[in-house]
Amino acid sequence: MSLWGVCSLALLSQAPVKAPAAAPAVPPARAVPASLAVPAHPAAAPAAQPLRENGWSALTPEQRAALIADRAESPLSERLLGMSEKFLNTPYVLSPLGEGQGVDPDPTFRLDAVDCLTFVEETLALGMAHGEPEVPALLERIRYASTPSYEDRNHLMEAQWLPNNIKKGLLVDVTRKYAKQDTVTVTKTLTAHTWQSKSSMALQLPRERQPVGTFTLDMIPLEKVLEHARGVASGTILVVMREDLPLKATRITHLGFVVQKKKRTYLRHASKGGYNRVVDEDLETFLARNARYDKWRVTGVSLFEARRPPPTVASQPAPARGSADVGAP
């Protein structure tokens, strides 16, 4: 199973699935579907039948709302573990979320299908929320730089998703905190040449919205990850990095949550291929598989801690581009 097949398409080219020519009216872009059994929009990619139901499917809308509001002030790491656990066994579907209209008419929110990125995004929004009404605004804040439009979506991890959410105070890079002297600095460079590749053009971004430049990240080399894994707190976001190739618009091709249990470290992630669902996979097994990829070499991982947004932000629209808010653990 190639990691590129696992989730990189969801990170690099979340180009929308073409909708039927005569699609019914779409739901409001910010609406949270009441039903978890079917996609909120007929154009959404159908979810594969899960081996077992996920933890959301048996809940009524009232039960789901109560669960999101329950113990809302608990440490965010605990909230993320609880919300992400409800996604276990959720089928993997590539790019299951969109704007509910326009270029990508897939639903803005759903709990019956995820890819590796939307699994993390929805878990973050659910975990940060004090109640279900806050979830749509939080999800918008995480998924978009400013406005909830396809062109303003955080498509690229190094150039958009990570720096924008760090700037908003929703993420903190904790790679060096855990790896200390084993941390190395790496870069991802985007040029006009990058945007001429087939995979980059699949994003359908106008030229003025195509990021260019060099973006810097801390990384734990692949061979050093297990030396530090047991010290990483549960709920930490782990992203997988590959070597920088000029025609690839990202070098981050997967992500999930670290989970410590039974004296072992696991990665809770939406995995395609052998699993095709959200699973808790032993991190040592996951890394060993990654080490065998030779066509696009995996080089290491980075770690990020989620932070709560300021209390007044959760129910507000995303901030204007360039603004930043300070989050709290």
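Between the Arg79 side chain and the Ala129 main chain, a donor and an acceptor come within less than 3.5 Å of each other. Side-chain atoms of Arg268 never come within 3.5 Å of backbone atoms of Val259 as a donor-acceptor pair (strictly under, hydrogens ignored). The main-chain N or O of Leu171 is never found under 3.5 Å from a side-chain atom of Asn165 such that the two would form a donor-acceptor pair. Looking at Thr236, its side chain never comes within 3.5 Å of a backbone N or O of Phe304 through a donor-acceptor pair. Proximity of a side-chain donor or acceptor of Glu73 to a complementary backbone N or O of His130 within less than 3.5 Å is not detected. Counting only distance, with no hydrogens or angles, the side chain of Glu305 and the backbone of Val172 share no donor-acceptor pair below 3.5 Å. Arg277 places no side-chain N or O within 3.5 Å of a backbone atom of Asn89 that could act as its donor or acceptor partner. Thr108 contributes no side-chain N or O that, together with a main-chain N or O of Gly100, makes up a donor-acceptor pair within less than 3.5 Å. Side chain of Ser302 to backbone of Thr175: no donor-acceptor contact under 3.5 angstrom is found. Under a 3.5 Å cut-off, the side chain of Glu121 and the backbone N or O of Arg143 do not form any donor-acceptor pair.
Residues Lys168 and Pro309 are not in side-chain contact: their nearest non-hydrogen atoms beyond the backbone lie 4.5 Å or more apart. The shortest distance between side-chain heavy atoms of Tyr92 and Leu94 falls below 4.5 Å. In this structure, Lys188 and Ile252 have side chains that are not in contact, with every pair of non-hydrogen atoms separated by 4.5 Å or more.
Put simply, Leu126 and Ile237 are part of the same group of oily side chains (I, L, V, M, F, W, Y) that touch within less than 4.5 Å, one to the next.
Between the side chains of Thr183 and Asp218, no donor N or O sits under 3.5 Å from an acceptor N or O.
Atom CZ of Phe109 is separated from atom CG of Leu139 by 7.0 Å, given to the nearest 0.5 angstrom. Taking CG of Asp106 as the reference point, atom CD of Glu99 lies at 9.0 Å (rounded to 0.5 Å). Atom OG1 of Thr118 sits about 12.0 Å away from atom CD1 of Ile142, to the nearest 0.5 Å. Atom CZ of Phe119 and atom CG of Leu97 lie 13.0 Å apart (nearest 0.5 Å). Taking CZ from Phe257 and OG1 from Thr123, the interatomic distance works out to 4.5 Å, rounded to the nearest 0.5 Å.
Remark: Arg251 does not engage Glu158 in a salt bridge, criterion side-chain N to carboxylate O under 4.0 Å.
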Practice task
Decide yes or no on side chain to side chain contact (heavy atoms under 4.5 Å, CB included) for His228 and Leu303, but give the supporting numbers first.
Solution key: CA-CA 11 Å; His228 304 281; Leu303 300 169; over 6 Å; no
Exercise for the section: List the steps, then state whether side chain to side chain contact (heavy atoms under 4.5 Å, CB included) holds for Lys224 with Val184. Expected result: CA-CA 11 Å; Lys224 294 287 187 178; Val184 299; over 6 Å; no
Exercise for the section: Tell me, with the steps shown, if Arg264 and Glu284 meet side chain to side chain contact (heavy atoms under 4.5 Å, CB included). Expected result: CA-CA 9 Å; Arg264 298 287 295 180; Glu284 185 173 3; 3.0 Å; yes
Practice task
With salt bridge (charged side-chain N to carboxylate O under 4.0 Å, His left out) as the test, would you mind laying out the steps for Asp152 and Arg209 before giving the verdict?
Solution key: CA-CA 8 Å; Asp152 213 27; Arg209 303 307 296 271; 2.7 Å; yes
Exercise for the section: Could you walk me through whether Val114 and Val278 pass the side chain to side chain contact (heavy atoms under 4.5 Å, CB included) test, one step at a time? Expected result: CA-CA 8 Å; Val114 292; Val278 178; 3.6 Å; yes
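Across all non-hydrogen atoms, the minimal contact from Trp195 to Pro211 is NE1-O, 2.8 Å. Heavy atoms only, all atoms of each residue included: Pro163 and Met157 are closest at CD-O, 3.4 Å. Contact between Leu222 and Asn290 at its shortest, heavy atoms only, is CD2-C, 4.4 Å. The minimum heavy-atom distance linking Glu243 with Trp296 is given by the pair O-NE1, 2.8 Å. Shown here for Leu81 and Ser234, the closest heavy-atom pair between the two residues is CD1-CB, 3.6 Å.
Within a 6.0 Å radius of NZ in Lys261, other residues, nucleotides and ligands contribute more than 12 heavy atoms.
Each of Thr194, Val212, Asp244 was checked for a side chain to side chain contact (heavy atoms under 4.5 Å, CB included) with Thr189, and the lone residue meeting it is Asp244.
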